[in-house]
Every structure is written in structure tokens, then in C-alpha cells.
Trainee: 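Take this structure, written in C-alpha cells, and hold onto it; I'll ask about it next.
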Amino acid sequence: MSAFKISPSILSADCARLGEEVRAVDEAGADYIHIDVMDGHFVPNLTFGAPVVRDIRPVTNKPLDVHLMINPAAPYLHEFANAGADLITVHAEADTHLHRSLQVIRGLGKKAGVSLNPSTSETVIENVLDSVDLILVMSVNPGFGGQRFIVSQLEKIRRIRDMIGNLPIELEVDGGVNAENVASVIDAGANVIVAGSAIFKGDDYHETIGALREAINN
Ligand code: DX5
Ligand code: ZN
């Protein structure tokens with residue numbers, strides 16, 4: 001198995017056939033399933049709640065990578081954990097008490113992630129590195145699939161890779177990643193790639209996920 005992981009974002013899936021879509025990306029080689037939870041307040045869009053996570057849970061054995069773009073997130077962490085999330089990522093810009101949220105997620109037996117919007121400096125996570133399992137760098141402003149990758153985030157990814165050093169923390173990048181730019185994202189230090197439109201735009205997910213892996217390995 002590759003050292004790099006691909007986490008297809010079901011935001012770009014056909015939600016009328018969500019179970020089939022999850023099964024299809026699972027069979028096509030997804031490492032994680034990325035679920036974008038939006039509240040119409042922290043981001044200008046609404047998507048899935050914990051019941052959707054619960055319904056997806058029996059469809060795949062792949063880890064469910066739940067990205068909470070909600071504010072507050074703290075009151076809902078138990079709900080997403082109980083629904084079957086494996087990895088729960090909160091935004092550093094959302095709830096005031098980031099450290100507490102990360103502790104709660106770990107206390108629920110889940111992996112704890114923290115995400116940074118494009119305008120947020122990595123310095124805000126310096127003091128929680130011992131409490132995170134994953135750092136998620138947004139390379140678009142969160143809210144929608146199909147946006148263009150913000151190139152300035154590559155330098156931030158490099159700085160975070162340096163911050164991580166030997167710590168057991170995954171570095172995930174989300175937004176506008178495709179077969180053309182994925183190599184630069186990996187080169188900057190990411191090891192988990194979220195891709196929505198780049199995967200779901202085609203009919204053959206073996207092919208679209210394969211194209212990403214090929215671009216990573218070349
Ligand atoms: C954006 C979401 C992303 C989105 C990525 O707010 O967090 O996960 O689905 O979609 P693409 O890959 O199309 O930019
Ligand atoms: Zn996401």
C-alpha cells in the first residue's frame with residue numbers, strides 16, 4: 001500500500017445514490033472516506049449531519065474522515081463519534097476551546113484533527129501538537145467543491161511539515177487538488193489528499209483515483 005492516502009470527498013458524489021457512491025470509491029481504492037459537514041454559518045453551505053455518517057458506516061470498512069465546518073462543533077462531537085466517525089476534524093477558527101475539543105475527541109476513542117482556513121497561520125496549532133493526530137490544511141475557502149487550489153498554501157504545508165518533525169501526525173490537504181497539482185502538494189509534505197470533484201467528475205473511479213496515485217508516484 002502506498003504511503004500516501006486518498007480521501008474522496010462525498011460532497012461531490014451523487015447523493016441520491018450515496019451508499020453506492022461510497023462503495024464505489026471504496027472498491028476503487030479510497031483510503032479514507034471524507035465527509036464534509038457544513039452548517040450554513042461557519043461556511044456558506046449546508047450538507048450532512050450525524051445521521052448521514054451513521055447510514056454510511058455499515059457501507060464501508062474504510063475510516064470515516066469527518067470534517068466539521070461548523071461553529072460550535074463542541075456540542076456535536078459525541079454525536080459524530082457515536083455515528084461511527086473514525087477521525088473527527090474541527091476548525092481552529094471555530095470553537096474558542098480548541099484544546100478541549102481535541103481532548104474530547106480523543107476521549108471518545110477517535111482520532112482528533114484540526115483544520116486551518118487558508119488565511120489562518122499555523123502558529124495557532126503550535127500549542128496543541130501533542131493533542132492532534134491529523135492537521136488538515138484547507139487549500140480553498142471551505143464551503144464548496146470544485147474551487148481552485150490556493151497556491152500560497154504550499155508554503156504553509158511545508159512549514160507545518162517542519163513543525164510536525166517526527167511526531168505521529170498526518171498532514172492532509174483539502175480543496176482544489178487534482179492530478180495536475182497533487183505532486184506539488186505531496187512534495188510540500190502532505191501525506192493525505194482529499195479530492196472531491198477530481199474523483200467524482202469521471203464515471204470510472206478506478207481511473208480517477210488511479211490518475212491521482214500515478215501523479216503522486218511519478
Ligand atoms: C470544501 C470541502 C472539501 C471539498 C473538496 O469546503 O472541505 O472537502 O469537497 O472538493 P474539491 O476536491 O472539488 O475541491
Ligand atoms: Zn473537507
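One-based numbering, in listed order, for ligands and for the atoms of each. Numbering starts at 1 and runs along the sequence shown. Small disclaimer: the values here were computed from a predicted structure and weren't measured.
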Trainee: Determine whether the side chain, the backbone, both or neither of S9 has a heavy atom under 4.0 Å from any heavy atom of ligand 1.
Mentor: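 Under 4.0 Å from ligand 1, S9 contributes side-chain atoms alone.
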Trainee: Which of the numbered atoms in ligand 1 are under 4.0 angstrom from any heavy atom belonging to V194?
Mentor: 8 (O)
Trainee: Can you tell which of D65, D36, D174 makes a side-chain hydrogen bond (donor to acceptor under 3.5 Å, both in side chains) with S9?
Mentor: D36
Trainee: Shortest non-hydrogen contact from V90 to A73?
Mentor: CG1-CB, 3.9 Å
Trainee: Return the name of the atom in D36, of element N, O or S, nearest to the Zn ion (ligand 2).
Mentor: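 Going by distance to the Zn ion (ligand 2), the closest N, O or S atom in D36 is OD1.
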Trainee: Can you report which non-hydrogen protein atom sits closest to atom 1 (C) of ligand 1, along with the distance?
Mentor: F144 O, 3.6 Å
Trainee: Run the side chain to side chain contact (heavy atoms under 4.5 Å, CB included) test on V173 and F149 for me, step by step, so that the C-alpha distance in whole Å, both residues' side-chain angles and the decisive distance to 0.1 Å come before the verdict.
Mentor: CA-CA 10 Å; V173 175; F149 185 88; 4.2 Å; yes
Trainee: Is D26 paired with R23 through a side-chain N to carboxylate O contact shorter than 4.0 Å?
Mentor: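 Salt bridge absent between R23 and D26.
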Trainee: Restricting to N, O or S atoms, which atom of H67 is closest to the Zn ion (ligand 2)?
Mentor: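 Atom name of the closest N, O or S in H67: ND1.
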Trainee: Would you mind running through ligand 1 and noting each atom that sits below 4.0 Å from a heavy atom of H34?
Mentor: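 Ligand 1 atoms under the 4.0 Å threshold to H34: 8 (O).
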Trainee: To make sure I understand the geometry: which N, O or S atom in H34 is closest to the Zn ion (ligand 2)?
Mentor: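 The closest N, O or S atom of H34 to the Zn ion (ligand 2) is NE2.
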Trainee: Just jot down the ligand 1 atoms closer than 4.0 angstrom to any heavy atom of D36, in number order.
Mentor: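 This gives 2 (C), 3 (C), 4 (C), 7 (O), 8 (O), 9 (O) as the contact atoms.
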Trainee: First locate atom CD1 of I135, then atom CE of M163, and finally report the distance between them rounded to the nearest 0.5 Å.
Mentor: 6.0 Å
Trainee: Can you sort out which atoms of ligand 1 are near M69, meaning under 4.0 Å from one of its heavy atoms?
Mentor: 6 (O), 7 (O)
Trainee: Same cluster or not: I56 versus L77, using hydrophobic residues (I, L, V, M, F, W, Y) connected whenever any side-chain heavy atoms lie under 4.5 Å apart?
Mentor: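 Result: yes, single cluster for both.
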Trainee: Run the numbers on E122 and K156 for salt bridge (Lys or Arg N to Asp or Glu O under 4.0 Å), then give the verdict.
Mentor: CA-CA 7 Å; E122 68 281 4; K156 186 158 92 186; 5.8 Å; no
Trainee: Just to confirm my output: which protein heavy-atom neighbour is closest to atom 14 (O) of ligand 1, and how far is it?
Mentor: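 Ranking protein heavy atoms by distance from atom 14 (O) of ligand 1, first comes G176 N, 2.8 Å.
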Trainee: Please identify which atoms of ligand 1 are closer than 4.0 Å to at least one heavy atom of D174.
Mentor: 2 (C), 3 (C), 4 (C), 5 (C), 7 (O), 8 (O)
Trainee: Looking at ligand 1, does any of its N/O atoms fall within less than 3.5 Å of an N/O of V177?
Mentor: no
Trainee: Does the pair R161/D187 count as a salt bridge with the N-to-O cut at 4.0 Å?
Mentor: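 Salt bridge: no.
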Trainee: Indicate the atoms forming the closest heavy-atom contact of P142 with P44, along with that distance.
Mentor: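 Scanning both residues, the minimum pair turns out to be O-CD, 4.1 Å.
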Trainee: Take every heavy atom of G175, measure it against each atom of ligand 1, and state whether any distance is under 4.0 Å.
Mentor: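 Under 4.0 Å: yes for G175.
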Trainee: Note the single closest protein heavy atom to atom 10 (O) of ligand 1, along with its residue, its atom name and the distance in Å.
Mentor: G145 CA, 3.6 Å
Trainee: Pull out every atom of ligand 1 sitting under 4.0 Å from any heavy atom of M38, numbered as shown with elements.
Mentor: 6 (O)
Trainee: What class does the angle between the rings of Y205 and F200 fall in, given that below 30° is parallel, 30 to 60° is tilted and above 60° is perpendicular?
Mentor: perpendicular
Trainee: Can you report which non-hydrogen protein atom sits closest to atom 13 (O) of ligand 1, along with the distance?
Mentor: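 Going by distance alone, atom 13 (O) of ligand 1 is nearest to S197 OG, 2.5 Å.
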Trainee: Report the atom name of the nearest N/O/S atom of D174 relative to the Zn ion (ligand 2).
Mentor: OD2
Trainee: Could you tell me which atoms of ligand 1, counted from 1 in the order shown, lie closer than 4.0 angstrom to a heavy atom of M138?
Mentor: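 Here the atoms of ligand 1 in question are 7 (O).
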Trainee: Can a side-chain donor-acceptor contact be found between T89 and H67 if the only test is distance below 3.5 angstrom?
Mentor: no
Trainee: Checking a contact table here: which protein heavy atom is nearest atom 12 (O) of ligand 1, and how many Å away?
Mentor: G196 N, 2.8 Å
Trainee: Which of the numbered atoms in ligand 1 are below 4.0 angstrom from a heavy atom of G143?
Mentor: 1 (C), 6 (O)
Trainee: Would you call K5-E172 a salt bridge at under 4.0 Å N-O?
Mentor: no
